Every structure is written in structure tokens, then in C-alpha cells.
Amino acid sequence: MFNPLEGKYLQILDVNGNVVNSSLDPKLPSTTLKKMYEVMMLTKLADEKALALQRSGRMGTFAQSRGQEAQVGAGFAMEKKDWLIPSFRETGVQLVREWPLENFYLVFMGCEEGSKAPKGVNNFPVAVPVGSQMLHAVGLAWASKLKKEKVCAVTFFGDGGSSEGDFHEAMNFAGVFATPTVFICQNNQYAISLPRAQQTAAKTIAQKAVAYGFPGMQVDGNDPLATYVATKDALNHARSGNGPTLLEFLTYRLGPHTSSDDPTIYRLDKEVKEWEKKCPIVRFRKYLTKKNLWNKKYEAHLINKCKKQIEVAVKIAEKKIKEIKVEDMFNYTYASLTPELQEQLEYAKKAEGSS
Ligand SMILES: Cc1ncc(C[n+]2csc(CCOP(=O)(O)OP(=O)(O)O)c2C)c(N)n1
């Protein structure tokens, strides 16, 4: 297993798509490799569509995952029965795990229906309160352990999330009770405008696992084979009763923090250009090309297929959004409303009626 004190860093594919660590190559079947690429592409195109919808006033603020598409490797490593507890930048992993694309659009259009998982899909919805989801993951994993279910919980958060009290509470509890939790920090180098260097004085985020008594490791977060292998290992470790692991996926947010952000104010174009060279989609395409699994015809067909899927999802979401009522905002908060919320609901209904 991993020893964070050795400063290990897992990479299988370099930026040119060459296998640099063949002993760790998971040797996935061609169909799986292509499926990985296809979800990465769908994530990228779904993001682009979301931005276009937001810019034309058809959607609210949303968080892109451009540059972080290799996260899908973690989704492929999970079993269907495992739980995914994401933050708000895990569209790719959600899609691997059968999250309906229309849910992605619905949530950012302001409709809570989009947070509802289809039956049998063990995914939590987007968590906007930074860090809160990690505690849910530990609770789920602990329950699974008590019930002897061998179901693991995989939770994602950003480098900024590692500064929340919730992170420390979740990590400590997971360590003490040896819960089958995999903590995945998508270290995309920024928490809005705050650079990683100002987030923590620790050399790595992975090494924080040492303080809680379990393994941690840095992973090339732009290499889908590395994210797959690291997550698979951590899940095997957890499923065998050995407790949690912290994985730090080193990646970069190529786009803005959200559609409301302007990153040119706080980071240099030169830095972005350097990371563009490490783009996970380009890297994986080069790898697939070397294996004769990619050509221009396949790419054109794939883009066309993704765009059609996106159009259908947007249509479903826009139809649904027209059906929502003002009380839906309140329906998902508490089982019964507090007097203050009841008052707000009455006010909102009146306002709706007079508009
Ligand atoms: C508890 C809480 N505090 C502050 C915010 C406002 N906020 C939204 S995202 C964000 C930064 C998150 O950075 P990071 O965890 O690194 O994730 P990233 O956005 O880079 O994926 C902040 C401060 C929030 N949503 N929740």
C-alpha cells in the first residue's frame, strides 16, 4: 500500500500518452478505455453547453470541470453499490455512475428535482457548502461497516475544502473507526482566487493522512489510468477492512471557478498555457491513438452523439423547469417548515401570484 512519507506520486501516462509505469498499467479492455474517453468528452461538451446556456440567461451560476476530466477514472474504479459523495465539480464521475445528464442542468437551473438520484444509483447530489459532504461519506461508510455490507463511500472535495473543519472531523472519525471511505482531493491549484500555496503550509495535501493514521498519496489527476488505479487500490484496501485512504489528484482548473468568475485577475496566462499542454483529454487521445483505438471518424461520430444526448437532456430540463412551483424551493428543506420558512413561503406565493 501507499506510504505518503515516501513522497510517492502515481503516474501511468505521461503528457504524450506514453505508458511510463507499465507495471501499474491496469490493462483495461479496449471497450472500457473508449468508454472512459467518451465520458470525458461528454463532460467537456456538457460543460460547454452549460456555459452557453448560462451566458444566454437560460441557466444560473455553475462550476465547470474543464481540465479535470480525468476524474472519470475514479468512477470506473468504483462498484455500482459504492456511494459517490461529490462536491460540485464532479460531473464526469457522476456521469460514469449513471447520473442523468438532465439532472446536471436542472440543478444549475435552480430545480431541486435534479438532486434526486434514480433508483439504484448510489450518488449523492452536488454539495455546495464546501467540505460538508465529507462527513456524510464517513457516516455512510461507517453504517456500511456496521452492517458488514462491503460498500465503500468515495467523496470528492477541493484543495480549499481541506481547510474546512469538516475535513479534519471527517478524516479523524474515518481513521478512528477505520471506515471504508476514500477521500479524493481534486487539487486544482486554486480555491476561487486563493492559490494552493496559501491554502496550507503542508508540502502536500496527501500527507495530511499521516496525522489521522491512514495512507495518503499524490496522483497525477490528469491521467485517467492513474486516477483509476489509485482509486481501485484504495477501494480494495477499504473493502478488505483496512479503513480509509486520502488521494490527492494533482490537476488544474482550466476554466473559471464558476461562470461568475474572471480568473485573469488572479492567475497568469502563462500558467494556464502550461497546464493546457497537460490536458487529460488530449493526453488520453494520444494514448488511444497509439493503441489504434482513436481516429478522426470516431471523434466526429462521438462529438455528434454527445451533442445529441446533450440536446435531449437540455430539452427535458427546460420542460421540467417550467413545471416547478414556488413551494418546491421549500419542499426540500425540512420535513415540516419552521415558522420563519412558513412565513417566507406565504410571501413567495403571494409575490408569484401578483407577478
Ligand atoms: C462553507 C462554505 N464556505 C464558502 C463557500 C464559498 N465557496 C464556494 S466554492 C469555494 C472555493 C472552493 O475551493 P476548492 O475547495 O478548492 O474547490 P474548487 O472550487 O477549486 O473545485 C468557496 C470558498 C461555500 N460554498 N461554502
Side-chain angles (χ1 to χ4, degrees), residues 10-52 64-78 89-102 104-105 186 219-232 249-255 272-315:
L10 179 73
Q11 184 188 55
I12 296 174
L13 292 182
D14 69 8
V15 290
N16 295 315
N18 297 312
V19 176
V20 288
N21 207 336
S22 57
S23 64
L24 290 177
D25 184 347
K27 303 215 169 19
L28 293 170
S30 303
T31 46
T32 310
L33 293 172
K34 284 173 83 173
K35 192 111 203 288
M36 270 184 167
Y37 183 73
E38 286 160 17
V39 188
M40 288 165 83
M41 183 60 80
L42 180 62
T43 307
K44 175 183 183 282
L45 297 174
D47 256 2
E48 283 173 10
K49 180 68 185 184
L51 192 62
Q64 283 189 338
S65 42
R66 191 158 67 86
Q68 300 181 219
E69 295 92 348
Q71 58 176 263
V72 303
F76 277 87
M78 291 171 72
R89 219 180 285 283
E90 279 78 44
T91 309
V93 189
Q94 289 271 34
L95 290 175
V96 174
R97 293 181 48 84
E98 298 171 42
W99 193 247
L101 187 53
E102 55 268 27
F104 164 64
Y105 292 113
Q186 287 214 71
V219 179
D220 184 337
N222 283 11
D223 169 0
L225 294 187
T227 59
Y228 172 86
V229 168
T231 311
K232 194 91 189 159
F249 287 3
L250 282 165
T251 183
Y252 193 81
R253 161 166 64 71
L254 286 175
V272 182
K273 291 259 168 329
E274 276 310 305
W275 277 92
E276 273 171 358
K277 291 184 200 154
K278 299 180 196 168
C279 169
I281 295 189
V282 173
R283 178 185 314 198
F284 208 46
R285 185 185 298 143
K286 285 180 180 166
Y287 169 69
L288 294 181
T289 307
K290 287 180 220 285
K291 289 178 80 76
N292 281 327
L293 295 174
W294 184 94
N295 59 42
K296 284 188 177 161
K297 200 171 151 208
Y298 163 70
E299 180 89 348
H301 178 74
L302 172 62
I303 291 175
N304 198 21
K305 194 172 127 196
C306 290
K307 285 190 172 167
K308 277 190 184 146
Q309 194 179 336
I310 289 166
E311 283 315 317
V312 171
V314 171
K315 223 178 229 172

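Positions are given from 1, in the same order as the sequence printed here. Computed from a predicted model, the values in this text were never measured in an experiment. Atom set for the values below is all heavy atoms of this structure, side chains included, hydrogens, waters and symmetry mates excluded.
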In terms of heavy-atom contacts, does NZ of Lys315 have more than 12 from other residues, nucleotides or ligands at under 6.0 Å? no
Heavy atoms, side chains only, cut-off 4.5 Å: are Lys49 and Glu311 in contact? yes
Show every salt bridge (charged side-chain N to carboxylate O under 4.0 Å, His left out) that has at least one partner inside residues 90-101, sequence neighbours left out. Lys80-Glu98
Once ring-ring contact (aromatic ring centres under 6.0 Å, His included) is applied, do any residues pair with Tyr252, and if so which ones, sequence neighbours excluded? Trp275
Please enumerate all residues that pass salt bridge (Lys or Arg N to Asp or Glu O under 4.0 Å) together with Lys308, with sequence neighbours excluded. none
Residues passing the side-chain hydrogen bond (donor to acceptor under 3.5 Å, both in side chains) test with Gln309, sequence neighbours excluded, are none
Evaluate whether atom NZ of Lys307 has more than 12 neighbouring non-hydrogen atoms of other residues, nucleotides or ligands under 6.0 angstrom away. no
Test applied, side-chain contact (heavy atoms from CB on, under 4.5 Å); reference residue, Ile12; option that passes from Leu24, Asp220, Val219: Leu24
Taking all non-hydrogen atoms of both residues into account, name the closest pair between Trp294 and Thr289 and its distance. CE3-OG1, 3.5 Å
Going by the rule salt bridge (Lys or Arg N to Asp or Glu O under 4.0 Å), which residues pair with Arg285 if we only count those two or more places apart in sequence or in a different chain? Glu299
For Lys297, what residues pass the salt bridge (Lys or Arg N to Asp or Glu O under 4.0 Å) criterion, not counting sequence neighbours? none
Considering only residues two or more places apart or on different chains, which pairs with a residue in residues 19-48 satisfy salt bridge (charged side-chain N to carboxylate O under 4.0 Å, His left out)? Lys44-Glu48
Mind checking side-chain contact (heavy atoms from CB on, under 4.5 Å) for Cys279 and listing every partner two or more places apart, or none if nothing turns up? Ile281, Val282
Would you compute the distance between atom NE2 of His301 and atom CG of Asn295 and round it to the nearest 0.5 angstrom? 11.5 Å
What closest approach, in Å, do Ala226 and Gln11 show between heavy atoms, and which atom pair accounts for it? CB-CA, 4.2 Å
With sequence neighbours excluded, tell me which residues meet ring-ring contact (aromatic ring centres under 6.0 Å, His included) with Tyr105. none
List the atom of Trp99, the atom of Phe104, and the distance in Å for their closest heavy-atom pair. NE1-N, 4.3 Å
Do Leu42 and Leu101 come close enough that some side-chain heavy atom pair is under 4.5 Å? yes
Distance col, row Leu225:CG vs Asn21:CG, nearest 0.5 angstrom, shows 11.0 Å
Donor-acceptor pair, distance only, cut-off 3.5 Å: does the side chain of Asn16 make one with the backbone of Asn18? no
Inter-residue atom distance Ile303.CD1 - Leu45.CG, 0.5 Å rounding: 6.0 Å
Sequence-distant partners of Glu276, salt bridge (Lys or Arg N to Asp or Glu O under 4.0 Å), two or more places apart: none
Which atom pairs, one a donor and one an acceptor, fall under 3.5 Å between side chains of residues 70-78 and the rest of the protein, sequence neighbours left out?
unit_1, atom_1, unit_2, atom_2, d
Gln71, OE1, Gly92, N, 3.3
Gln71, OE1, Val93, N, 3.2
Gln71, NE2, Gln68, O, 3.1
Gln71, NE2, Arg89, O, 3.0

Minimum heavy-atom distance Leu13-Phe284, with the two atoms named: CD1-CD1, 3.8 Å
Once rounded to the nearest 0.5 Å, what's the spacing between atom OG of Ser65 and atom CE of Met40? 10.5 Å
Show every side-chain hydrogen bond (donor to acceptor under 3.5 Å, both in side chains) that has at least one partner inside residues 222-231, sequence neighbours left out. Asn222-Thr251
Student check: side-chain heavy atoms of Tyr37 and Leu293 closer than 4.5 Å: no
